[in-house]
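Here is how names work: the chains are called A, B, and so on, in the same order as the sequence lines, proteins then strands, and each is numbered from 1.
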2 protein chains.
Amino acid sequence: MAAPRLPTAQKSGSAAKAPRSRIQKRNRQIILDAALEVFSTHGFRGATLDQIATQAGLSKPNVLYYFDSKDAIHRDLLTRLLDTWLDPLRMMNPAGDPQAEIMAYMRRKLELSRDFPRESRLFANEILQGAPRIESFIRDDLRPLVDDKAQLLNEWAKAGRIAPIDPYHLSISIWALTQHYADFAAQIAMIRGDGHDALEGAETFLGALYTRLLAP
Amino acid sequence: MAAPRLPTAQKSGSAAKAPRSRIQKRNRQIILDAALEVFSTHGFRGATLDQIATQAGLSKPNVLYYFDSKDAIHRDLLTRLLDTWLDPLRMMNPAGDPQAEIMAYMRRKLELSRDFPRESRLFANEILQGAPRIESFIRDDLRPLVDDKAQLLNEWAKAGRIAPIDPYHLSISIWALTQHYADFAAQIAMIRGDGHDALEGAETFLGALYTRLLAP
DNA sequence: ATCAAGTTTGACCATCCAGTCAAGAAGCTT
DNA sequence: AAGCTTCTTGACTGGATGGTCAAACTTGAT
């Protein structure tokens with residue numbers, strides 16, 4: 001029940017109301033939590049303010065007292081999410097050991113899937129819809145970062161420190177595999193039996209997979 | 001523009017209206033095509049009959065002349081999809097060469113992502129929502145098939161013909177990687193530059209990945 | 001050409017939904 | 001306790017949405 005929470009990521013530029021009182025802080029958090037639950041399973045259009053209000057244990061007008069609109073709640077959630085989503089890739093260290101760095105990146109992404117599955121599904125929903133709200137994030141933030149790390153991977157490959165593989169597909173494969181455990185958790189749970197955790201054995205498997213793939 | 005179409009998959013049990021006239025056949029197909037487009041990007045609740053009607057170039061009442069309800073259209077699409085979705089796994093041949101069979105399975109899944117990306121996103125949307133409409137399919141059809149093939153993979157591993165890996169995670173990895181190219185196409189396109197096809201180089205990469213993973 | 005069956009649609013309805021508002025309840029400060 | 005601010009909500013509105021219906025239009029067989 002006690003889901004971990006993303007850091008608040010107070011963006012200086014955005015017009016976020018700073019929570020003044022204790023009640024403000026508490027209720028805004030409750031609403032974001034409820035909204036995350038609803039948006040991540042039904043998508044933006046499929047979610048209703050009534051659902052969010054009910055989930056939050058508040059009345060609908062009360063929800064709109066804390067946020068200007070349904071859209072504002074959604075934007076807030078996305079803003080917090082996106083920053084966190086880049087961290088694992090940012091942390092990849094050019095000076096480190098190539099294989100260890102890539103494995104650590106994979107492991108950090110898997111941790112995000114484990115700890116923030118709802119955020120992962122929120123992101124997935126957004127991309128499925130054609131990424132209309134986060135296009136600028138992908139072009140302006142994610143892409144340059146990926147390009148940068150792709151260059152790094154190419155250098156590592158050229159130096160013979162990892163196998164010569166397409167760095168973009170390598171990144172994509174890590175996103176695909178780690179996200180899948182969160183986004184398709186419902187399917188995995190039904191197939192592996194309800195007693196099992198979807199992520200059981202995932203790290204071992206992915207460890208073996210990338211060890212074999214990266215070996216020069 | 002000429003998107004390939006799934007086989008009609010006339011389920012004997014379901015209460016599907018058999019198209020009588022040429023017009024019936026044509027318009028039902030147009031509607032399904034339009035609905036696939038809309039449902040796959042917005043999800044069930046996010047899609048509207050007006051959107052579907054506009055996309056189909058028909059009036060809303062006319063759409064409802066061919067299908068009983070929004071739900072009926074959605075059910076019809078899912079039914080056609082699910083049957084096709086199992087085929088690649090069904091085709092895995094116990095008598096064949098293990099590595100070749102698994103590679104062929106991966107390649108067939110990748111072809112589905114290439115040829116039916118909208119169907120892939122429809123499926124993804126369904127799972128994201130917790131798979132409420134296809135739970136019985138997963139439990140009664142997919143799961144037994146996966147269990148069966150998992151046993152086969154275990155036998156192959158025990159015989160030393162492939163590396164000893166968890167067969168469930170192997171299957172999950174193939175689903176994750178192939179689906180991702182369809183479901184996250186928007187993101188991939190933005191990162192790889194709009195000139196590139198999302199699937200460019202995917203087969204080569206996945207070929208290398210599974211060759212290295214499976215080698216005994 | 002005629003007629004019955006199949007097809008199409010404008011007008012309509014009930015419900016849902018995001019968002020408003022004014023008035024009341026609860027906190028906070030003195 | 002008074003008085004001010006913050007919080008909460010019942011009642012409401014305008015527009016969207018799934019679905020209906022009867023009347024009109026096509027189509028095809030004779």
[X] side chain near [N] phosphate (N/O to OP1/OP2, under 4.0 Å):
| X | N | value |
| --- | --- | --- |
| B/Asn27 | C/dG6 | no |
| B/Tyr65 | C/dT8 | no |
| A/Gln24 | D/dC7 | yes |

*With B/Arg143, which residues qualify under side-chain hydrogen bond (donor to acceptor under 3.5 Å, both in side chains), at least two apart?*
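Counting only residues at least two positions away or on another chain, B/Arg143 forms no side-chain hydrogen bond (donor to acceptor under 3.5 Å, both in side chains).
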*Looking at residues at least two apart in the chain, or sitting in another chain, which of them share a side-chain hydrogen bond (donor to acceptor under 3.5 Å, both in side chains) with B/Asp147?*
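Counting only residues at least two positions away or on another chain, B/Asp147 forms a side-chain hydrogen bond (donor to acceptor under 3.5 Å, both in side chains) with B/Tyr168.
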Nearest-angstrom distance from the residue atom [atom1] of [X] to [atom2] of [N]:
| X | N | atom1 | atom2 | answer |
| --- | --- | --- | --- | --- |
| B/Phe67 | D/dT20 | CZ | C1' | 19 Å |
| B/Ile73 | D/dG18 | CD1 | C1' | 11 Å |
| B/Asp71 | D/dT17 | CG | C1' | 15 Å |
| A/Asn62 | C/dA25 | CG | C1' | 12 Å |
| B/Leu64 | C/dC12 | CG | C1' | 14 Å |

*Please list, by residue number, the residues of residues 34-60 of chain A whose heavy atoms come closer than 4.0 Å to an atom of DNA chain D; answer none if no residue qualifies.*
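Contacts with DNA chain D under 4.0 Å: A/Arg45, A/Ser59.
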Quick one: which residue pairs count as a salt bridge (Lys or Arg N to Asp or Glu O under 4.0 Å) with a foot in [range], not counting sequence neighbours?
| range | answer |
| --- | --- |
| residues 36-49 of chain B | B/Glu37-B/Arg118 |
| residues 199-208 of chain A | A/Arg107-A/Glu203 |
| residues 84-93 of chain A | A/Asp83-A/Arg90, A/Asp87-A/Arg90 |

*Measure from the side-chain N and O atoms of B/Lys70 to the backbone N and O of B/Ala47, and report whether any donor-acceptor pair falls under 3.5 Å.*
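Indeed, once roles are kept as given, a pair shorter than 3.5 Å links the two residues.
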*Select one nucleotide: of C/dG19, D/dT8, C/dT7, the one nearest the side-chain heavy atoms of B/Tyr66.*
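Out of C/dG19, D/dT8, C/dT7, the nucleotide with an atom closest to B/Tyr66's side chain is C/dT7.
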*Which pairs pass ring-ring contact (aromatic ring centres under 6.0 Å, His included) with one or both residues in residues 132-151 of chain B, sequence neighbours excluded?*
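For residues 132-151 of chain B, and leaving out neighbouring residues, there are no ring-ring contact (aromatic ring centres under 6.0 Å, His included) pairs at all.
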*Would you mind listing every ring-ring contact (aromatic ring centres under 6.0 Å, His included) that reaches into residues 20-39 of chain A, with sequence neighbours excluded?*
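Passing the test, one end in residues 20-39 of chain A: A/Phe39-A/Phe44, A/Phe39-A/His74.
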*Do the non-hydrogen side-chain atoms of A/Gln187 and B/Ile134 ever get within less than 4.5 Å of each other?*
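Heavy-atom side-chain distance check fails, nothing below 4.5 Å.
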*Just how large is the angle between the end axes of the helix from C/dA1-D/dT30 to C/dT30-D/dA1, five pairs per end, to 10 degrees?*
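Computed from the C1' atoms at both ends, the axes differ by 20°.
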Listed pairs under 3.5 Å, donor-acceptor, residues 122-130 of chain A side chains, sequence neighbours left out:
{"unit_1": "A/Asn125", "atom_1": "ND2", "unit_2": "A/Ser40", "atom_2": "O", "d": "3.0"}
{"unit_1": "A/Glu126", "atom_1": "OE2", "unit_2": "A/Arg133", "atom_2": "NE", "d": "3.2"}
{"unit_1": "A/Gln129", "atom_1": "NE2", "unit_2": "A/Asn125", "atom_2": "O", "d": "3.4"}

*What string of B, S and - do you get for nucleotides 21-30 of chain D, 5' to 3', if B is base contact, S is sugar-phosphate-only contact and - is no contact with any protein heavy atom under 4.0 Å?*
B---------
_Results of side-chain contact (heavy atoms from CB on, under 4.5 Å) for A/Ser69 - residues two or more places apart only_ =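 With neighbours one apart ignored, the set is A/Asp71, A/Ala72.
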